[in-house]
Trainee: 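Pasting in a structure now, in structure tokens, and then I'll have a few things to ask.
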Amino acid sequence: EAAARATDVWKVYGSGEAQVIALRGVTAEFTKGRFTAIMGPSGSGKSTLMHCLAGLDYTDRGEIHIGDNLVTGLSDKGLTLLRREKVGFIFQQFNLMPTLTAEENILLPLSIGKRKPDRAWFDQVVDTVGLRDRLSHKPTELSGGQQQRVACARALVQRPDVIFADEPTGNLDSKSGTEVLKFLRRSVDDFGQTIVMVTHDPVAASYADRVLFLADGQVVDEMFDPTADRVL
Ligand code: ADP
Ligand code: ADP
């Protein structure tokens, strides 16, 4: 069963001489409870594909589904609701609210959506990500790795259909990056979370179940059960 699906998706930026075709008919399925990495050269369309899947950007042609929801054709309001209720985001730059504590950041998507936090689940997520003793700290009082783990917990705590991670280890040293990747892996293995991650890093990709390779706006290869040396 697919947690997310792109069917013949095209995306064009600009027009005339400045026109860039960022996606040229991408079809891809993201199975529930699986961890997919998207790799490819700079400019190959990785971020564009993820933004289209996540309802952060419009497609020009084709269809996007998140679960049973047809994303394509939703209004801005519909897209906002979809992002709020169905997907979680992890960005390279953490994107935490600087004035809020770690706990408040983790619970923010739930409070925005006026959803009641499940305290037992919150505790489980916090313990899994190793943030129990950091909950009252503000982002500036946390290391980069800790901040990214707060972002991971914030994504997982809302039990989204899909977590989209855009270069989640791009700003981290390798030790902190490994902690984040292990947490993502555990979210899949222990909690059945579906994850789609864009990365340049073969070591990061080796934590996934599958790697999709993009080149020039198309899926050109696919690999299951990657290991770091095979991805290299
Ligand atoms: P990747 O994530 O693989 O580096 P992107 O999806 O960011 O690739 O970009 C794919 C192509 O679309 C590139 O040629 C890029 O320059 C272009 N592109 C991306 N975003 C925009 C934008 N907002 N306006 C114009 N061109 C863009
Ligand atoms: P980039 O990949 O270009 O360095 P980011 O990964 O930080 O930038 O963010 C990707 C895009 O998603 C940006 O255009 C940003 O405005 C948008 N964005 C970031 N956070 C959110 C959010 N919580 N909800 C909706 N859009 C967001």
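Order of appearance sets the numbers: ligands from 1, and atoms from 1 within every ligand. Sequential numbering from 1 along the given sequence is applied to the chain's residues.
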Trainee: For atom 8 (O) of ligand 1, what is the closest protein heavy atom, and at what distance to 0.1 Å?
Mentor: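 Closest protein heavy atom to atom 8 (O) of ligand 1: Gly45 N, 3.1 Å.
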Trainee: For atom 2 (O) of ligand 1, is there a protein heavy atom at a distance under 4.0 Å?
Mentor: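 When distances to the protein are checked, atom 2 (O) of ligand 1 has a heavy atom within 4.0 Å.
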Trainee: Keeping the roles fixed (side chain from Lys86, backbone from Val162), state whether a donor-acceptor pair exists under 3.5 Å.
Mentor: no
Trainee: Is it true that Gly217 lies under 4.0 Å from ligand 1, counting heavy atoms only?
Mentor: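 No, Gly217 has no heavy atom closer than 4.0 Å to ligand 1.
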Trainee: Checking the side chain of Thr27 only, and the main-chain atoms of Asp8 only, is there a donor and an acceptor separated by less than 3.5 Å?
Mentor: yes
Trainee: If you compare all heavy atoms of Ala6 against all heavy atoms of Leu53, which two are closest, and at what distance to 0.1 Å?
Mentor: CB-CD2, 4.1 Å
Trainee: Measuring from atom 6 (O) of ligand 1, which candidate in Leu214, Asp216, Thr48, Leu49 has the nearest non-hydrogen atom?
Mentor: Thr48
Trainee: What is the closest protein heavy atom to atom 27 (C) of ligand 1, and at what distance does it sit?
Mentor: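 Nearest protein contact, heavy atoms only, for atom 27 (C) of ligand 1 is Tyr13 CD1, 3.2 Å.
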Trainee: Check this for me: Asp133, atom CG, are more than 12 non-hydrogen atoms of other residues, nucleotides or ligands nearer than 6.0 Å?
Mentor: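 Counting neighbours around CG of Asp133, more than 12 heavy atoms of other residues, nucleotides or ligands fall under 6.0 Å, so yes.
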Trainee: If you draw the axis of the six-membered ring of Phe122, does the NZ or CZ of Arg119 fall within 45° of it and under 6.0 Å from the ring centre?
Mentor: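 Here Arg119 passes the 6.0 Å and 45° test against Phe122.
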Trainee: Could you verify whether a donor N or O on one side chain and an acceptor N or O on the other, from Asp201 and Thr199, lie under 3.5 Å apart?
Mentor: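 On atom types as modelled, these side chains do not qualify, holding no pair under 3.5 Å.
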Trainee: Among Gln147, Arg149, Arg154, exactly one meets side chain to side chain contact (heavy atoms under 4.5 Å, CB included) together with Phe94. Which residue is that?
Mentor: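 Among Gln147, Arg149, Arg154, the one meeting side chain to side chain contact (heavy atoms under 4.5 Å, CB included) with Phe94 is Gln147.
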Trainee: Only one of Asp161, Ile66, Leu212 passes side chain to side chain contact (heavy atoms under 4.5 Å, CB included) with Phe30; say which it is.
Mentor: Leu212
Trainee: What residue and heavy atom of the protein are closest to atom 7 (O) of ligand 1, and at what distance?
Mentor: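 Result: Ser47 CB, 3.8 Å.
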Trainee: Please list, chain by chain and in numerical order, all residues satisfying salt bridge (Lys or Arg N to Asp or Glu O under 4.0 Å) with Lys138, sequence neighbours excluded.
Mentor: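 Salt bridge (Lys or Arg N to Asp or Glu O under 4.0 Å) check on Lys138 returns nothing, list empty.
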Trainee: So is Gly40 close enough to ligand 1, meaning a heavy atom under 4.0 angstrom away?
Mentor: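 No, Gly40 has no heavy atom closer than 4.0 Å to ligand 1.
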Trainee: Identify, for atom 12 (O) of ligand 1, the protein heavy atom at the shortest distance, and state residue, atom and that distance.
Mentor: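 Scanning the protein heavy atoms, the shortest distance from atom 12 (O) of ligand 1 goes to Ala22 CB, 3.5 Å.
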Trainee: Any N or O of Val20 that comes nearer than 3.5 Å to an N or O of ligand 1?
Mentor: no
Trainee: Determine whether any heavy atom of Ser44 lies closer than 4.0 Å to an atom of ligand 1.
Mentor: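 Yes, Ser44 has a heavy atom closer than 4.0 Å to ligand 1.
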Trainee: Which atoms of ligand 1 are found less than 4.0 Å from any heavy atom of Pro41?
Mentor: 3 (O)
Trainee: Purely on distance, is any nitrogen or oxygen of Gly43 under 3.5 Å from one on ligand 1?
Mentor: yes
Trainee: Distance below 4.0 Å between atom 15 (C) of ligand 1 and any protein heavy atom?
Mentor: no
